[in-house]
Amino acid sequence: MNRVYNFSAGPSMLPLPVLERAASELVCYGESGMSVMEMSHRSPDYEAIIQDAEALLRKIMNIPDNYKVLFLQGGASTQFAAVPMNLIKRTGKADYAVSGQFSGKAFKEAQKLGYDVKCIATTKDDNFDHVPTITRDMIRPDAAYLHICFNNTIYGTKYPYIPDTGDVPLVADLSSCIISEPVDVSKFGVIYAGAQKNMAPAGVTLVIVREDLLEYAEEDMPTMLEWKTMADNDSMYNTPPCYSIYMAKLVYDWIIELGGLEEMKKINEKKANLLYDYLDSQDYYIAPVKKDSRSMMNVTFVTGDADLDKKFASEASAKGLKNLKGHRSVGGMRASIYNAMPYEGVEALVAFMKEFAAANPKK
Ligand SMILES: *Cc1c(COP(=O)(O)O)cnc(C)c1O
């Protein structure tokens, strides 16, 4: 069978050259005589893999030396609890901006743990069709941090700017836009991301944390959630998600070969522009997101008729354009066009959209 264009929001497509390389090394890695899946995480071969993964990521993201890079488990959702447990002691309270489902969950998790947290901005009343405008005066000056979700996977929105938080550390969930374009890491206190959207298979969660923020962990917090423990042990306090980290390393290699994140951004912009330009040129499909909040990774659209939406997703699927159904909470369609989606995949999608609109006039 041929490979399809998989528009899944996550787990999602991986670059074909990465999958092929993994396949070629699957049974015997290098001279080790075993698969990466079978290796001790303390073996020299594996230590080289995890060290390379970190070094390559530092290079492509231009991560400053005063930041630690951690490869953890538990998904981005585990960080919803880890963030307050590691940081709240800085001042005792924290601020959140709620721009969609995941930032809402992060806020609720901190509340559930009994912390003094405040939602300083939300676009809930507008169905999250844009991200909030955050200015310094909205943030409590004695907040331990401000938490945002940089790219909202479900709604297809992204912050077009990095909020200026002054001295308050900015903590951001970048699960669905990590390594899609250059970001100035120095503007963040903490960046975290589940890998399965744009970086690797599920199983590894990336945390990039400024060193001075490692000093505020709750004394009685679970060891496995404490960033400092993980940082002091080079992400090997216990067994790391070895194979997913290896896959992440192959993805980083692939990005470097492409020319780094500047080049990656150009490719991603070209794909997103093709789709948004088409959406803007017609009135059969509606793109609900306000233009200045549009995500380059997750593009949402509807026909305005739930039955047509359903028909669209199923006919697209039959043509090898998979997983275009929107998130169950919002309906409509969503095309996730992460790094690994080739330009040709978006071309095929736009061609299908035109065909479908012509064949299914609205009443
Ligand atoms: C998918 C996603 C999550 C949840 O990630 P898990 O790894 O499944 O916990 C959190 N935040 C964002 C922005 C996501 O896209």
Side-chain angles (χ1 to χ4, degrees), residues 6-14 70-86 96-110 112-113 122-124 128 130-132 145-160 162-163 170-181 183 188 190-208 222 224-225 227 230 235 240-241 243-245 247-248 251 268 289 293-300 323 325-330 334-341:
N6 177 9
F7 293 90
S8 168
S12 37
M13 281 185 87
L14 286 161
L70 311 177
F71 296 106
L72 309 180
Q73 306 202 45
S77 304
T78 296
Q79 295 307 313
F80 297 166
V83 164
M85 289 180 133
N86 279 284
Y96 282 72
V98 174
S99 56
Q101 229 179 68
F102 292 115
S103 48
K105 282 185 174 169
F107 178 58
K108 280 206 192 99
E109 189 77 2
K112 183 177 167 188
L113 291 165
T122 179
T123 46
K124 188 169 188 290
F128 300 119
H130 63 287
V131 296
Y145 58 88
L146 170 71
H147 179 282
I148 64 166
C149 177
F150 207 43
N151 184 80
N152 298 282
T153 324
I154 294 174
Y155 295 90
T157 63
K158 180 181 178 262
Y159 283 85
I162 299 175
L170 178 63
V171 176
D173 178 353
L174 264 68
S175 294
S176 48
C177 61
I178 191 90
I179 60 174
S180 62
E181 62 180 338
V183 291
F188 299 84
V190 180
I191 288 172
Y192 66 92
Q196 69 274 19
K197 311 281 163 63
N198 204 27
M199 206 163 63
V204 58
T205 309
L206 174 71
V207 174
I208 302 169
M224 283 295 294
L225 297 187
W227 296 332
M230 291 302 177
S235 303
Y243 198 75
S244 295
I245 294 170
M247 288 295 289
V251 169
N268 285 330
V289 169
S293 290
R294 281 175 167 175
S295 166
M296 189 165 67
M297 297 278 99
N298 312 98
V299 180
T300 49
N323 295 311
K325 197 164 164 271
H327 189 268
R328 59 186 185 280
S329 64
V330 296
R334 172 179 51 176
S336 294
I337 50 174
Y338 298 118
N339 288 355
M341 174 61 68

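Both counts, for ligands and for their atoms, begin at 1 and track the order of listing.
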Classify the angle between the aromatic ring planes of Tyr192 and His147 as parallel (below 30°), tilted (30 to 60°) or perpendicular (above 60°).
tilted

Sequence neighbours left out, what passes side-chain contact (heavy atoms from CB on, under 4.5 Å) with Ala9? Give chain and number order.
Thr153, Arg334, Ser336, Tyr338

Thr122 side chain near Pro132 side chain, heavy-atom distance below 4.5 Å
no

Taking side-chain contact (heavy atoms from CB on, under 4.5 Å) as the definition, give me every residue that meets it alongside Ser235, ordered by chain and number, with sequence neighbours left out.
Ile50, Leu70, Phe71

Is any side-chain heavy atom of Ser175 closer than 4.5 Å to one of Phe150?
no

With sequence neighbours left out, the residues meeting side-chain contact (heavy atoms from CB on, under 4.5 Å) with Lys108 are Gln111

List by chain and number: which residues place a heavy atom under 4.0 Å from ligand 1?
Gly75, Ala76, Ser77, Phe80, Phe102, Cys149, Asn151, Thr153, Asp173, Ser175, Ser176, Gln196, Lys197

